[in-house]
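Throughout, numbering of the chain's residues begins at 1 and tracks the sequence. Please read all numbers here as calculations on a predicted model, not as lab measurements.
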Amino acid sequence: FIVTLPALAALRRRWPGAVVELTGYPHIANLARLGGLADRVRSLDEARVARFFSLRPDFPPEQAEEIRAFDLVLSYLYDPHEVLRGNMERLGVKQLIYGSPIVEEGHAVEHMQKPLEALAIYPEPGERPELVLGRRRVRDAAQRLPAPGARVLALHPGSGSPKKNWPLTHFLELARRAREAYGLTPLFIHGEADRALVPEIAAAGVALWPTGPLTELAPVLAACAGYVGNDSGITHLAACVGTPTVALFGPSDAARWAPRGRRVAVLEADPPTPEGLAALSVDAVLEAVRETGGLSDR
């Protein structure tokens, strides 16, 4: 979703007065509303969406009217047999543009912008996702950090797969050294997929941010002095809100999935395996944090 934000931003720039409705998973898609890139969010789990994938759909008249009301529909939903496309066309959609959600080559940001070429919208080289949150929202989030006023280093030791994770012991050592040598307050971020890591983090006596909506986490990350994490959506989120970010890559493809941001360093394991990732030293990560500006006052 994060790598799709430049496409949303391009549509907003081209038609600043348009109403943009986003259908997706609300706990993620509401980030676009937070950043002013969408006006409304509807759930992908609604029955109205499921009908589009039916071979014999029974559309109520109001759903046909709704689809015909849109000037443009841009779909990234997986539709290999074009069932969704056929149903939308039968309902009288004015213009439908399809983009595959499967990134096969190149960086994901450019891949997601490719469908916009049908609208004569072409990306600039190296475009990056951005969520502009506003100073007041970030300032309010800073008051919720541990030790308000202190510089905080956010650490996310999880991801969608344990194979992509730098060892937790390394994260804990990084937290200790950042605190003792640089006066940073470490703050560990975790999600539902990282529950197994929580007891060991809690036993280390470091601050742990409670699991909650991404719309609350985004300004918290923006208020941090720096961020270190694995190849994960949270790492992309930290980069796109402007936090100095260090992304750690092992077996996944950084050329395709590395986060982009104003201050991002990507460290790739050599070899690109879980074992190579584990061999990545705390010293190397600390140096990358320094290079992105995460150890200095912001």
For N30 and T215, what are the C-alpha separation, side-chain angles and deciding distance, and is it a side chain to side chain donor-acceptor pair (under 3.5 Å)?
CA-CA 7 Å; N30 273 317; T215 50; over 6 Å; no

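- Around CZ of R68, the count of heavy atoms belonging to other residues, nucleotides or ligands within 6.0 Å exceeds 12.
- At most 12 heavy atoms of other shown residues, nucleotides or ligands fall within 6.0 angstrom of atom NZ in K163.
- Formation of a donor-acceptor pair under 3.5 Å by the E200 side chain with backbone atoms of L168 is not found in this model.
- Around atom CD of E46, more than 12 heavy atoms belonging to other residues, nucleotides or ligands sit under 6.0 Å away.
- No salt bridge links R256 with E104; every basic N to acidic carboxylate O contact stays at or beyond 4.0 Å.
- When the shell of 6.0 Å around CD of E180 is examined, it contains more than 12 heavy atoms from other residues, nucleotides or ligands.
- Cluster membership for V285 and V264, using ILVMFWY side-chain heavy atoms within less than 4.5 angstrom, is not shared.
- Atom CD1 of I201 sits about 9.0 Å away from atom CZ of F171, to the nearest 0.5 Å.
- Under the 3.5 Å distance criterion, the side-chain polar atoms of H81 are left unmatched by any main-chain donor or acceptor of V83.
- Using modelled atom types, one side-chain atom of R14 and one backbone atom of L119 make a donor-acceptor pair closer than 3.5 Å.
- Without hydrogens or angle criteria, T245 side chain to T243 main chain gives a donor-acceptor distance under 3.5 Å.
- Cluster annotation: L145 is connected to I234 through the hydrophobic network of ILVMFWY side chains, with a link wherever side-chain heavy atoms come within less than 4.5 Å.
- Of the possible polar contacts, one joining the Y76 side chain to the M112 backbone as a donor-acceptor pair under 3.5 Å is found.
- Remark: Y78 OH to Y98 OH distance equals 7.5 Å, nearest 0.5 Å.
- To the nearest 0.5 Å, atoms CZ (F249) and NZ (K164) are separated by 7.5 Å.
- In Y25, the OH atom is not crowded: 12 or fewer heavy atoms of neighbouring residues, nucleotides or ligands sit closer than 6.0 Å.
- No single ILVMFWY cluster, assembled from side-chain heavy atoms under 4.5 Å apart, contains both L72 and L84.
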Test R42 against E66 for salt bridge (charged side-chain N to carboxylate O under 4.0 Å, His left out), laying out the working first.
CA-CA 13 Å; R42 299 187 67 165; E66 179 187 20; 2.5 Å; yes

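- In this model, a donor atom of one side chain and an acceptor atom of the other lie less than 3.5 Å apart for R290 and Y182.
- In this structure a side-chain-to-backbone donor-acceptor pair under 3.5 Å is present from H107 to A258.
- Annotation: side chain of V3 is in contact with side chain of W257 (closest heavy-atom distance under 4.5 Å).
- Counting non-hydrogen atoms of neighbouring residues, nucleotides and ligands closer than 6.0 angstrom, the CD atom of E105 reaches no more than 12 such neighbours.
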Just do the side chain to side chain donor-acceptor pair (under 3.5 Å) check on N165 and S159 with the steps written out, would you?
CA-CA 7 Å; N165 294 350; S159 72; 2.6 Å; yes

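- In this structure a side-chain-to-backbone donor-acceptor pair under 3.5 Å is present from N230 to G158.
- F52 and F59 have their aromatic ring centers within a separation under 6.0 angstrom.
- Taken from CH2 in W209 to CG in L217, the straight-line distance is 8.0 Å, to the nearest 0.5 Å.
- In this structure the side chain of V20 reaches within 4.5 angstrom of the side chain of R12, judged on heavy atoms.
- Between the R260 side chain and the E127 main chain, a donor and an acceptor come within less than 3.5 Å of each other.
- Put simply, OG1 on T23 and CG on L74 are 11.5 Å apart, with the number rounded to the nearest 0.5 Å.
- Ring geometry for W166 versus H170: interplanar angle over 60°, hence perpendicular rather than tilted (30 to 60°).
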Please test T235 against H156 for side chain to side chain donor-acceptor pair (under 3.5 Å), starting from the C-alpha separation and ending with a verdict.
CA-CA 8 Å; T235 300; H156 179 48; 6.0 Å; no

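- Between R176 and E173 there is a salt bridge, since at least one side-chain N of the basic residue sits less than 4.0 Å from a carboxylate O of the acidic one.
- Taking CD of E268 as the reference point, atom CG of D253 lies at 8.0 Å (rounded to 0.5 Å).
- A salt bridge does not link E291 with R263: none of the charged nitrogens is closer than 4.0 Å to a carboxylate oxygen.
- Put simply, the side chain of L96 reaches to within 4.5 Å of the side chain of R85, judged on heavy atoms.
- At least one donor-acceptor pair closer than 3.5 Å links the side chain of D194 to the backbone N or O of G191.
- V103 and L116 fall within the same hydrophobic cluster, defined by Ile, Leu, Val, Met, Phe, Trp and Tyr side-chain heavy atoms under 4.5 Å apart, directly or through other members.
- With R51 contributing its side chain and N87 its backbone, the two residues share no donor-acceptor pair below 3.5 Å.
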